[in-house]
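Below is one structure, written out as structure tokens; the observations come after it.
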Amino acid sequence: MAAKTNKPKTVSGKAAGKRTVKKVKHIGLVAKDGYLEPFEEAIRGRHEHALYKIGQFTRGGKKTLEDFASGYDYYGLHKTARGWVFREWAPNATELYLIGDFNGWQKADKYKAKRIEGTGNWELKLPAKALKHGDLYKMCVCWNGGEGERIPAWARRVIQDEETKIFSAQVWEPEAPYVWKKKKFRPVKSPLLIYECHIGMGQDAEKVGTYAEFRDNVLPRIIKDGYNCIQIMAVQEHPYYGSFGYHVSSFFAASSRFGTPEDLKSLIDTAHQNGVAVIMDIVHSHAVKNEVEGLGNLAGDPNQYFYPGGRHEHPAWDSLCFDYGKDEVIHFLLSNCKFWLKEYNFDGFRFDGVTSMLYYSHGLGEAFCGYQDYFNGGQDDNAICYLTLANKLIHEVNPNAITIAEEVSGMPGLAAKFEDGGYGFDYRMAMNIPDYWIKTIKELRDEDWKPSSIFWEVKNRRADEKTISYCESHDQALVGDKTIIFRLIDADMYWHFKKGDENGTAHRGIALHKMIRLVTAATINGGYLNFMGNEFGHPEWIDFPREGNGWSHKYARRQWNLVDNKELCYHYLGDFDREMLETIKSEKGFIKTPVREIWHNDGDQILAFMRGDLLFVFNFSPTRSFTDYGFLVPTGSYDVVLNTDAVEFGGNGLADDTVSHLTTYDALYVEERKEWLKLYIPARSAVVLRKN
């Protein structure tokens, strides 16, 4: 149903001797950004659409959105006081059976479900002895003109046979359910420091790693490095390991290739015990095309969960696009959000592929040059409504939850409050920043790096939306692309990354790797993200096992031995990353402090800015060092707290960082309480000082 659109309200006001003037009362988004005023009707229309659906799903407020999103308690397989109950939504089915280890994988009347009259739902009740923990099972679904074996859409455990490679659902009802040690947890978000990771490729060995191994071997590293949040990729079950988890088949099943549900819960519990939040890379933007393993043709209707016609398949991802206009699909996806929050105690989600959801074009070939491109009729209002409801639900279930949108178009309101007409995400990914660094490294000589351009780019965001800044994520590490360290050093990493053997290329790469990270992290307005291993300049790309590489795991792992080896240069970068985060965290309320520019000079390639009592100074010049370079700063003394050029970080150690730097008097700036701070700034280095 189309949403009712309200026009901006007007407020009357009288002035002496004048006619009554009507003042427009704008919705929050428009009130904060006057350039959106021409599109206010569309913004209000989207907001009203979400309000309408909330009213529908909550029966006018008689129940909550959280109550509505409880489909996983109804559908799927459940142990009851009397036995078992199984339910599935399959409106196009004519018959539905459970088949599995318990009946020789044959259709049997005892395991035949009944359609619940007047619905598209099927139900099967069984005695306690009919199934047992560990049994493998599937549905056999019949429809007019065909039948097929299918994994239930709401299955919570799906495993793959190592020999046949066939996927099956598995009865999972252990005698002793997992007991949470940390029952209540509140994430630290000031600032949010995210370590993006993949369980399977998290080990040094050439194999698929496990939840338990990650908990024991990798989590301690993350804690020591100072990150307060891990973002786990590829949790939802996916048939093809090499998809990086983005072609999901079973949305309620934690991938069994990494271990059991209890193993995942133990990992999350341990992280919480150590003050680390855990968010999940959730994929609601599309689904795998597979029919036997996935939702592609669950009951003879390929459009049961997905858009019909030309919008059925994603043209670039070889996957299927959810029909966000169907209430049953919204119920499925909202229930999925709540399930991961309640069953596994995840602290929130990074929503993948949001741009693809927002636009009929999936954002492909779009330039997004102006506001009109966000309100030209090419937007999927159903998807916008779903994302808005998802954020409402997630924060209703857990007010401290974290939601992040991976979105490249710059859609206004994405990370703005629902009450203001926004979609309610807490953060959006600052996807412009890694693109900028790649372009800069590829196309510009070091002499042409402009601090004004760098400073503008790392702060290029909407004032009313918080972002997650990052230099590179997993995207920049995949085959066909290069990490920052490899773009800087390339093949010389193989021959000149041992201490004492560094050449000019290696020295340059080490220096710029630190500076790029520091200027990106120092200017955040919400959070900072790093992909697993990139903090120490992990070499080479990520290439999952596939036919083209002989199904090798050589490049689908993390070589922790490199950073642990003190004879190699990797530990310089890892040690710097840890101290960089510690420096940022040392300034109380860091993300609430304004980024105040002190100075930039593109000719000298110098940039300086302050946040609270921290002064950040960068010299991007590859050849020119400066003595007594002056900055007009608040009067006082300043001590060095971090220097990229320090010997312990692989630098030259040219400055004496033990010296306290005192400002010098200037009569012109007495009223402003500012004086000159004069520093020695070596070429290609950055320093952070704290005002005493």
Side-chain angles (χ1 to χ4, degrees), residues 1-6 29 39 41-58 65 68-69 71 89 91 120 153 248 251 282-287 295-296 298 301-317 319-338 349 351-364 366 368 373-394 403 405-409 411-416 418 421-425 428:
M1 177 183 289
K4 187 174 77 173
T5 302
N6 290 346
L29 264 184
F39 313 105
E41 188 171 350
I43 292 169
R44 286 183 178 274
R46 293 172 184 177
H47 185 64
E48 293 290 337
H49 186 187
L51 287 173
Y52 170 80
K53 296 306 287 188
I54 290 171
Q56 176 190 339
F57 294 150
T58 63
L65 205 55
F68 170 76
W89 176 56
V248 175
F251 286 78
I282 200 166
V283 183
H284 283 177
S285 47
H286 61 137
L295 306 176
L298 196 74
D301 178 9
N303 302 324
Q304 181 178 332
Y305 282 94
F306 307 104
Y307 276 126
R311 300 181 60 198
H312 187 69
E313 294 189 16
H314 195 292
W317 295 348
S319 54
L320 303 177
C321 301
F322 282 109
D323 185 345
Y324 305 105
K326 271 189 180 177
D327 289 348
E328 296 88 349
V329 173
I330 295 290
H331 182 237
F332 178 81
L333 296 174
L334 289 179
S335 297
N336 194 236
C337 293
K338 180 183 171 184
F349 307 98
F351 277 75
D352 175 69
V354 170
T355 306
S356 176
M357 300 170 71
L358 294 177
Y359 303 95
Y360 296 135
S361 68
H362 304 293
L364 301 173
E366 300 269 5
F368 301 108
D373 295 332
Y374 307 118
F375 305 99
N376 59 10
Q379 296 73 40
D380 185 345
D381 286 343
N382 293 329
I384 290 172
C385 183
Y386 165 66
L387 289 168
T388 307
L389 265 58
N391 277 295
K392 285 285 287 181
L393 165 74
I394 291 163
T403 59
E406 189 227 14
E407 206 282 313
V408 73
S409 78
M411 170 69 78
L414 194 68
F418 173 73
Y423 304 169
F425 282 98
R428 68 189 310 154

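Predicted, not measured: the structure shown is a model, and the values here were computed from it.
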May I ask you to check whether Phe306 and His286 place their ring centers less than 6.0 Å from one another?
no
Non-hydrogen atoms of Asn391 and Tyr423 that approach each other most closely:
ND2-O, 3.1 Å
Measure from the side-chain N and O atoms of His362 to the backbone N and O of Leu364, and report whether any donor-acceptor pair falls under 3.5 Å.
no
Can you list the steps and then say if Ile54 with Lys392 is a side-chain contact (heavy atoms from CB on, under 4.5 Å)?
CA-CA 9 Å; Ile54 290 171; Lys392 285 285 287 181; 4.2 Å; yes
How close do Arg311 and Cys321 get, heavy atom to heavy atom, and via which atoms?
O-CB, 3.5 Å
Stepwise, does the side-chain contact (heavy atoms from CB on, under 4.5 Å) test hold for Ile282 with Asn336?
CA-CA 9 Å; Ile282 200 166; Asn336 194 236; 3.8 Å; yes
Hey, can you tell me if Phe351 and Phe349 have their rings parallel, tilted or perpendicular (30° and 60° cut-offs)?
perpendicular
Glu328 versus Pro91: any side-chain heavy-atom pair under 4.5 Å?
no
Identify the residue among Phe322, Phe68, Tyr305 that makes a ring-ring contact (aromatic ring centres under 6.0 Å, His included) with His331.
Phe68
Which distance, rounded to the nearest 0.5 Å, do you find between the CG of Leu334 and the CG of Leu65?
6.0 Å
For the backbone of Trp89 and the side chain of Gln304, can you confirm whether one donor and one acceptor N or O come within less than 3.5 Å of each other?
yes
Has the side chain of Ser356 got a donor or acceptor atom that lies under 3.5 Å from a matching backbone atom of Ser285?
no
Minimal heavy-atom distance between Val283 and Phe251, with the atoms involved, is O-CE2, 3.1 Å
Please report the closest heavy-atom contact between Leu29 and Ala416, naming both atoms and the distance.
CD2-CB, 3.9 Å
Point-to-point distance, once rounded to the nearest 0.5 Å, from CG of Leu51 to CG of Leu389
9.0 Å
Taking the side chain from Glu48 and the backbone from Tyr52, do they hold a donor-acceptor pair closer than 3.5 Å?
no
Whether Thr388 side chain and Ala50 backbone form a donor-acceptor pair below 3.5 Å
no
Would a distance-only check, ignoring hydrogens and angles, find a side-chain to backbone donor-acceptor pair under 3.5 Å from Tyr374 to Ser409?
yes
Does a side-chain heavy-atom distance below 4.5 Å link Met411 with Tyr359?
yes
What are the two closest non-hydrogen atoms of Gly377 and Tyr360, and how far apart are they?
O-CE1, 3.4 Å
Atom of Leu295, atom of Ala153 and distance for their closest heavy-atom approach:
CD2-CB, 3.5 Å
Between Tyr324 and Tyr307, what is the ring plane arrangement, given parallel below 30°, perpendicular above 60°, and tilted in between?
perpendicular
Going by heavy atoms in the side chains, are Met357 and Tyr386 under 4.5 Å from each other?
yes
Rounded to the nearest 0.5 Å, how far apart are CG of Asp381 and NE2 of His49?
7.0 Å
Hey, are the side chains of Leu387 and Val354 touching, using non-hydrogen atoms and a 4.5 Å cut-off?
yes
Mind checking whether His314 and Leu320 have side chains closer than 4.5 Å, heavy atoms only?
no
Output, in order, the C-alpha distance, side-chain angles, deciding distance and verdict of side-chain contact (heavy atoms from CB on, under 4.5 Å) for Asp327 and Phe57.
CA-CA 9 Å; Asp327 289 348; Phe57 294 150; 3.7 Å; yes
Can you check whether Lys338 reaches Ile394 side chain to side chain, under 4.5 Å on heavy atoms?
no
Just by distance, do the side chain of Arg44 and the backbone of Phe39 share a donor-acceptor pair under 3.5 Å?
no
I'd like to check Asp323 versus Asn303 (side-chain heavy atoms, cut-off strictly below 4.5 Å). Are they in contact?
no
Taking atom CD1 of Ile384 and atom CZ of Arg46, what is their separation to the nearest 0.5 Å?
4.0 Å
